[in-house]
Protein chains: 2
Amino acid sequence: MRKGEISKAVIRRLPRYYRYLGELLQNGVVRISSKELSERMKVTASQIRQDLNNFGGFGQQGYGYNVEYLHEEIGKILGLDVTHNMIIIGAGNLGQALANYNFEKVGFHLIGIFDINPRFEGVSVRGIAIQMLDTLEDFLSEHKVDVVTLTVPKRPAVDLAHHLVDLGIKAIWNFAPTDLNLSEDVCVKNVHLNESLMTLSYEYRAKHSGEARDE
Amino acid sequence: MRKGEISKAVIRRLPRYYRYLGELLQNGVVRISSKELSERMKVTASQIRQDLNNFGGFGQQGYGYNVEYLHEEIGKILGLDVTHNMIIIGAGNLGQALANYNFEKVGFHLIGIFDINPRFEGVSVRGIAIQMLDTLEDFLSEHKVDVVTLTVPKRPAVDLAHHLVDLGIKAIWNFAPTDLNLSEDVCVKNVHLNESLMTLSYEYRAKHSGEARDE
DNA sequence: GTATTATTGTTAATAAAATGACATATCCGC
DNA sequence: GCGGATATGTCATTTTATTAACAATAATAC
């Protein structure tokens, strides 16, 4: 790992810190020590301190961390203070469900929904009209789109993703059950629900195998 | 790590192997070496071999791995050969989207959908009537339910999860943006979409900060 | 103000994961 | 069948991640 680069394991933990700090903030907690936070979160205090110190010293010896300040700083680290314009491609059940989700609070602003299927023509979700996919190129030339949420089937996903990259898209939140294999400078975050279920299946078997199942 | 126990990192990789092998199988590929698979998957051959050898020797020197056999064996390891009965609690957009998903092929059979909101009374999704949450206890006494998919808001999620555990549920697929803190013998798999987006946001900033944004 | 306690930031030690190396076994062409 | 090529399974090494230790610093009580 190059010096100054932060490991992915650390990044993956940040949102959870952010969430806990947000809850503390709501509960009116003003300060917290790494020790107490570690007990609530069931991680080691050492890990919290080391994770945070990748980004700078946010605490004070003998005092701990100011909840509001730390919450805000982690938010900045995660880039939640910047608004990203997002579109959803794929207006099926999952796409529509995500469209109804409120991602504004983590800085994502939904400005369009697209699908290839004409049956969605005229349909709106959350006040946003579903547009036909062949109008996407025009749309992209008129609007700055930072992130594409991809909720299309596996088959079209890969080609579509490459097309999006050609059109200048730099970040994809991918729900299609496939790897996209895009160039290095494009951010891809996969959400593979199938695979999540499979690991649950594994764990379930591992923990409960051999137990009676009387029916 | 206790001897004989498999690390979570290995388990998380298994579904991806399974997916690639499934595709190879569909394409009529009969055998594959760790080297070739590693090139396709962009991981090291060493990792593939070591991961697989946690569970036994599935390959043959000088030959490689039989695709169909390995695919099936990984499926068994993941427990995909066993059918799990699943219910969804929370019939909002996400719950309904998941209900429409086809998880049968990874061994999950949806047998019920529940919600507390009377507006869902009489509504069906994929032929399954949404039932009122207060009938859940009766339902559980009449049906063997292995896994609960939890797509309810944060607030009720924790108490509901504890209640489910009291009723004998041993595995929860949790989409609520909170930790459930259940006893050790309950399997919990979290899908925190917010947090996924936050890490995307981080990466986006990290990769594209400083770039001009002329509008 | 001073002593005591609390708690960080950081370095050191340990543990875990990933990679590399290689001996051994199997295949395949001839 | 023999020999070279192939590719596994496993052990050794390296790298990465986590945990522990502690010196330095700030807060708090008196």
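Proteins get letters first, then strands, A, B, ... in listed order; numbering begins at 1 in each.
- For A:T44 and D:dT19, the shortest distance from a side-chain N or O to OP1 or OP2 is below 4.0 Å.
- One interatomic measurement links the two molecules: CE of B:M41 to P of C:dA18, which rounds to 13 Å at whole-angstrom precision.
- Side-chain contact check for A:N85 and A:D146: no donor-acceptor pair (N or O, by modelled atom type) lies under 3.5 Å.
- Note: CZ (A:F55) to C1' (C:dG9) measures 15 Å, nearest angstrom.
- Distance B:L52 CG to D:dT10 C1': 14 Å, rounded to the nearest Å.
- Nucleotide C:dT19 holds its C1' atom 15 Å from the CG atom of B:N53, rounded to whole Å.
- Between A:E5 atom CD and D:dT16 atom P the separation is 10 Å, expressed in whole Å.
- Taking for each of A:Q47 and B:G59 the nucleotide of DNA chain D with the nearest heavy atom, the 5'-most of the two is the partner of B:G59.
- Below the 3.5 angstrom threshold, one finds a donor paired with an acceptor across the side chain of B:Q61 and the base of D:dT8.
- In this structure, CG of A:D51 is placed 15 Å from P of D:dA20, rounded to the nearest angstrom.
- Between A:Q60 atom CD and D:dA24 atom P the separation is 18 Å, expressed in whole Å.
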**Asked** Do B:R12 and A:E195 pass the side-chain contact (heavy atoms from CB on, under 4.5 Å) test, and can you show the C-alpha distance, the side-chain angles, and the key distance before you say yes or no?
**Response** CA-CA 8 Å; B:R12 271 198 299 270; A:E195 301 189 2; over 6 Å; no
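- Taking atom CG of residue B:N54 and atom P of nucleotide C:dA17, one finds them 10 Å apart after rounding to whole Å.
- Distance CZ/B:R126 to CG/A:N93: 9.0 Å, rounded to 0.5 Å.
- Ring-centre distance between B:W173 and B:F103: below the 6.0 Å cut-off.
- Annotation: ring-ring contact (aromatic ring centres under 6.0 Å, His included) contacts involving residues 30-69 of chain A, sequence neighbours excluded, are absent.
- For A:R31, whose side chain is taken as the heavy atoms from C-beta onward, the closest listed nucleotide among C:dT7, D:dA21, D:dA7 is C:dT7.
- Nearest to the side-chain atoms of A:S34 among the listed nucleotides D:dT8, C:dA17, C:dT8 stands C:dT8.
- Side-chain nitrogen and oxygen atoms of B:Y65 include none within less than 4.0 Å of the OP1 or OP2 phosphate oxygen of D:dT6.
- Two residues, A:Q50 and A:Y63, neighbour DNA chain C, and the one matched to the more 5' nucleotide by heavy-atom proximity is A:Y63.
- The side chain of B:R13 places no N or O atom within less than 4.0 Å of a non-bridging phosphate oxygen (OP1 or OP2) of C:dA17.
- Among the nucleotides C:dG20, C:dT8, C:dC22, the one closest to any side-chain atom of B:S46 is C:dG20.
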